[in-house]
Amino acid sequence: MDSSNNYKKNCDYELIIIGAGPAGLSAAKTAAERGVNVILIDENDRPGGQLFTQTHKFFGSKEHYAGIRGFQIGEKLLKDLAEINVKLLLNTTVFGIFPTEKRVMYSTNNSKIHTIMSENILIATGALEKPILFKGWTLPGVMGAGAAQTMMNVYRVLPGKRVIMIGSGNVGLIVSYQLMQAGSKVLGVIELLPKISGYKVHAAKIRRAGVPILTSHTIIEAKGKNFVKSAVISRINFNNGSIEYIKGSEFEINCDLICIASGFQPFSELCWQLGLEMKYISALGGFVPVHNIYMESSIPGIFVAGDVAGIEEASTAMEEGKLVGEVVAFRLGYSKEKDFKIYFNQINKRLSDLRSGSFGIERKKGKSILTNYS
Amino acid sequence: MLKKIRKIPNFDNAGVLSLKDLKAIPGFPSETDFENDLVAVIECDEDIPCNPCEDVCPHSAIKVGLPITNLPHLDAKKCIGCLKCVAICPGLCIFVINKNFDDKNSLIFIPYEYSPLPNKGQLVRALNRKGEYVCKGIVYKVIKSSKKNSSSIVGIIVPKKFYNEVRHFNF
Ligand SMILES: Cc1cc2nc3c(=O)[nH]c(=O)nc-3n(C[C@H](O)[C@H](O)[C@H](O)COP(=O)(O)OP(=O)(O)OC[C@H]3O[C@@H](n4cnc5c(N)ncnc54)[C@H](O)[C@@H]3O)c2cc1C
């Protein structure tokens, strides 16, 4: 008992949040509003995570700011943050967590290393783009769709004029649209599967602007000497799960940008480093930290939320963040059990709604595998 | 021999709804609904968790309900074509159409997020859902997006027979 009291005294904050995307920001707001002493750390020079690269209107409901553009949701979350008492550390990378005494190591602007302690740590580090490999994929001019989006929407640099997009998930479709808005010509979207994998409305938007979507096709090669000059594309057949190129169907087309939008995976380095129990769930983007219904990982007091806990959406990331905020506040005695139960049920209801329908059901199953497992 | 091409052909219908698909959608007006004045045309046929159209409609003409993945249902009798849903829909899949704009023409309001915007009276190339040229259109009205971050909306006039075909334009 004594030692734990000592430990509490030594804690610098009641909650350390790593990553200030929609998940981290929502957790910070909820927890701080209940009275928790929070620090929020992000390696970027401004909080908001992926929201600041998104210029399109978001799906969802009013609670999730649907119909509002991603970057504007980011601005709203930041405004909320300014109204509450949260310590914010930007340009700061967390590169290690000691599991036993829950000490977080970070460095600001790559200078001195500091550590801080807390009983509660939330890892909300988001996602990482998954590349696909093909001949020539390391040439300049081949990049992730997220990178292209950051270049044009954050830094105002057009990444290319003639674009081949690989992948017809929502990211491929949305980034194609944004490239067109920025003035590029999207020559086509190439999809391995026999059908479009993103929302049809996103596909319809680029189809009516004249962009073809080639299903059952893939890229074989990016050609060029110092920079991408062309892409070689082939029609494919699936044969017992393996891909067969259809001879004679290949074509080469000049382009100066090949964007890869083949999905995201949880940005889980800190989770691995901590030794959290991980499980591979394809519908959630790969290896995900196992967590219970309170978003608590296999180490008590270490929480996960947002894309790092399974690739989903900003709306679900915000709800998971709020959930962690409520759980920590309750455990620290800032809210009554009766109230906590109400908040907890409300958030879970919204999460369950967001994970219904044909696009959400696999994620819902994936999440329940995780929570049943732990 | 590797074929070199300059343009990928617009060969199939992936991502393009057919009229048959559309008619089965609860947000798509019936033929009689189209005869009466302005009406919203909601080309949304997937169970996406999304409901701002329901939220924004001042006449309760659009219902999504719970769960939020329900498709939007249009009550065309209540719809007055105020364009609020066109401006907010994140899928950019709502249009407002006045089939009988005059004897010969229909008026189609289209969400448009490219720049520059066309000018009123300008001649444009009206396109179908596949981006193919359909006919000439004339810009009737341009509603610029506002701070409230709705999309810009352009109303174009096209010959009546194309009211269900034209869904985009360029110039
Ligand atoms: C093209 C595209 C379109 C999308 N459209 C939609 C949409 O319409 N609707 C929707 O709901 N969602 C959409 N999303 C998804 C949404 O953006 C993400 O699900 C959401 O941003 C995830 O939030 P997060 O807080 O988990 O992670 P992120 O937003 O990725 O934030 C993570 C943060 O953690 C920081 N970080 C990571 N590691 C460290 C570290 N070690 N130290 C310090 N900081 C660290 C990062 O800098 C980042 O700021 C879209 C995504 C993309 C790419």
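None of these values were measured; they are calculated from a predicted model. So that the names make sense, note that chain A is the first sequence line, chain B the second, and so on, each numbered from 1.
Interface remark: of the candidates A/G183, A/S315, A/S168, A/A209, A/A209 forms the most heavy-atom pairs closer than 4.5 Å to chain B. Among A/E191, A/Q181, A/R350, A/R207, the residue making the largest number of heavy-atom pairs under 4.5 Å with chain B is A/R207. With chain A as the partner, the residue from B/P90, B/P49, B/P67 showing the most heavy-atom pairs under 4.5 Å is B/P90. Contact count versus chain A (heavy atoms, under 4.5 Å) is highest, among B/C44, B/C53, B/A14, B/C93, for B/A14. When the candidates B/E46, B/R129, B/E54 are compared by the number of heavy-atom contacts under 4.5 Å with chain A, B/E46 comes out ahead. Ranked by heavy-atom pairs shorter than 4.5 Å toward chain B, the options A/S61, A/G188, A/A203 are led by A/S61.
Atom CG of B/L22 has more than 12 heavy atoms from other residues, nucleotides or ligands within 6.0 Å. Heavy-atom neighbours of B/K104 NZ from other residues, nucleotides or ligands within 6.0 Å: at or below the threshold of 12.
The parts of B/I5 that come within reach of chain A are both its backbone and its side chain, each placing non-hydrogen atoms under 4.5 angstrom from that chain. Interface remark: B/N51 contributes backbone and side-chain atoms alike to the contact with chain A (heavy atom separation under 4.5 Å). Neither the backbone nor the side chain of A/S352 comes within less than 4.5 Å of any heavy atom of chain B. Contact annotation for A/I196: only side-chain heavy atoms (C-beta onward) come within less than 4.5 Å of a heavy atom of chain B. Only the backbone of B/C89 comes within contact range of chain A, with heavy atoms under 4.5 Å apart. For a residue to count as touching a neighbouring chain, one of its non-hydrogen atoms must lie under 4.5 Å from one of that chain's; by this rule B/K7 touches chain A with the backbone only. At a 4.5 Å heavy-atom cutoff, A/I206 makes no contact with chain B through either its backbone or its side chain. Looking at A/F58, the atoms closer than 4.5 Å to chain B (heavy atoms on both sides) all sit in the backbone: N, CA, C or O.
Residues B/I48 and A/H202 have side chains not in contact (no heavy-atom distance under 4.5 Å, counting atoms from C-beta outward). Looking only at side-chain heavy atoms (C-beta outward), B/L92 and A/Y177 come within less than 4.5 Å of each other.
Under 3.5 Å, the side chains of B/K4 and A/N254 contain a donor-acceptor pair of N or O atoms.
Residue B/E113 holds its CD atom at 10.5 Å from NE2 of A/H56, rounded to the nearest 0.5 Å. Taken to the nearest 0.5 Å, the NZ atom of B/K130 stands 11.5 Å off from the CD1 atom of A/I213.
Between B/E43 and A/R208 there is no salt bridge, since none of the side-chain N atoms of the basic residue sits less than 4.0 Å from a carboxylate O of the acidic one.
Nearest approach of B/I8 to A/F251, heavy atoms of both residues: CG1-CE1, 4.0 Å. For B/S151 against A/K57, the heavy-atom pair with the smallest separation is OG-NZ, 2.5 Å.
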